[in-house]
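No experiment lies behind these values; they were computed from the predicted model shown.
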Amino acid sequence: MIAEGETPLAAAMREFGEETGHRLRAKSLPLGEARQPGGKIVHVWAVEDDWERTGLQSNMFEMEWPPRSGQRQTFSELDRAECLELRRLVRRF
């Protein structure tokens with residue numbers, strides 16, 4: 001979520017750090033926006049940086065699961081990270 005007074009890029013870099021445990025230090029290339037199936041608009045950037053995806057450290061969140069069961073479960077925010085060539089990534093957006 002973009003905080004008041006925060007740019008979409010600053011929010012993306014903050015979220016990336018929170019969700020992976022890695023702080024990006026490289027230049028970014030804007031790729032535009034993507035609409036998720038639920039209607040949420042996501043701003044997308046490509047960033048060339050050097051980090052090991054095996055060191056991915058996702059934060060966790062809790063939610064009621066199964067729905068309307070009254071039971072709460074904890075889930076990882078991310079399930080994987082991928083490294084893609086820019087030309088392959090651009091075709092997705």
Going from CE on Met60 to CD on Gln73, what distance comes out if it is rounded to the nearest 0.5 angstrom? 10.5 Å
Could you report the tightest heavy-atom contact between Ser58 and Leu78, atom names first, then the distance? OG-N, 3.0 Å
For Val47 and Ser28, work out which heavy atoms get closest and say how close. CG2-CB, 3.8 Å
Under 3.5 Å, side chain of Gln71 to main-chain N/O of Pro66, donor-acceptor pair present? no
For Ala10, is there any backbone N or O sitting under 3.5 Å from a side-chain donor or acceptor partner on Thr7? yes
Should we say atom CZ of Arg68 is surrounded by more than 12 heavy atoms from elsewhere, each under 6.0 Å from it? no
Please indicate whether Met1 has more than 12 foreign heavy atoms, meaning atoms of other residues, nucleotides or ligands, lying under 6.0 Å from its CE. no
Which heavy atom of Trp45 sits nearest a heavy atom of Pro30, and at what distance? CD1-CA, 3.4 Å
Please list all pairs passing the salt bridge (charged side-chain N to carboxylate O under 4.0 Å, His left out) test where one or both residues lie in residues 17-29, with sequence neighbours left out. Arg14-Glu18
Ignoring hydrogens, what is the shortest heavy-atom contact between Ser69 and Glu64? Give both atom names and the distance. N-OE2, 3.0 Å
If hydrophobic residues (ILVMFWY) are linked whenever their side-chain heavy atoms come closer than 4.5 Å, directly or via other members, who joins Met63 in its cluster? Phe61, Trp65, Phe75
Show the numbers, then the answer: is there a side chain to side chain contact (heavy atoms under 4.5 Å, CB included) between His43 and Ile2? CA-CA 10 Å; His43 302 271; Ile2 301 172; 4.1 Å; yes
Measure from the side-chain N and O atoms of Glu62 to the backbone N and O of Thr74, and report whether any donor-acceptor pair falls under 3.5 Å. no
